[in-house]
Amino acid sequence: MDDGRRVGTRWWYLLLLIPIVGLLATPIYTKETPELFGFPFFYWYQFAWVPLSVVITYFVYTRTRTRGVPPDGRGDGFRQVPFEPGPRTGAGVNPNRTGTTR
């Protein structure tokens, strides 16, 4: 039975470990050569992970986001929002007066 929802598999989240492992494995990049634009390998290797991590995170997001009606059936959240204002309290509020104070 298909209710119009598609939920990505959770295995995609394992891809988020790639940048973590790549940056925590410091013996890989604790050296000065090769240089790139005068920067030692130690620096540009870490900096290269910034856009690469963004791409990986976006890819995982697109594969795991929920499409269609949310799993709890609330809809888009903008049409029928249950809201009851709380009591008006605080400085400058007369508890005996009804309506707005402004």
Hydrophobic cluster membership, with links at side-chain heavy-atom distances under 4.5 Å among I/L/V/M/F/W/Y: are Leu14 and Leu23 in one?
no
What closest approach, in Å, do Pro51 and Ala48 show between heavy atoms, and which atom pair accounts for it?
CD-O, 3.4 Å
As a test of understanding, state which of Thr62, Thr64, Thr57 forms a side-chain contact (heavy atoms from CB on, under 4.5 Å) with Val60.
Thr64
Heavy-atom side-chain proximity of Pro19 to Ile56 below 4.5 angstrom:
yes
Phe47 with Val54, same ILVMFWY side-chain cluster at under 4.5 Å
no
Within a radius of less than 6.0 Å around CZ of Phe59, do more than 12 heavy atoms belonging to other residues, nucleotides or ligands occur?
yes
Quick check on the 6.0 Å ring-centre criterion: do Trp12 and Tyr61 meet it?
no
Quick check against the 3.5 Å criterion: does Trp44 have a side-chain atom that pairs as donor or acceptor with the backbone of Phe37?
no
Should Ile18 and Ile28 be regarded as members of a common hydrophobic cluster, given that ILVMFWY residues are connected when their side-chain heavy atoms come within less than 4.5 Å of each other, either directly or indirectly?
yes
Among Trp49, Tyr45, Tyr43, which one satisfies side-chain contact (heavy atoms from CB on, under 4.5 Å) with Tyr29?
Tyr45
Taking atom CG of Leu15 and atom OG of Ser53, what is their separation to the nearest 0.5 Å?
12.0 Å
Going from OH on Tyr13 to CZ on Arg63, what distance comes out if it is rounded to the nearest 0.5 angstrom?
13.0 Å
Between the CZ atom in Phe42 and the OG1 atom in Thr30, the distance rounded to the nearest 0.5 Å is 8.0 Å
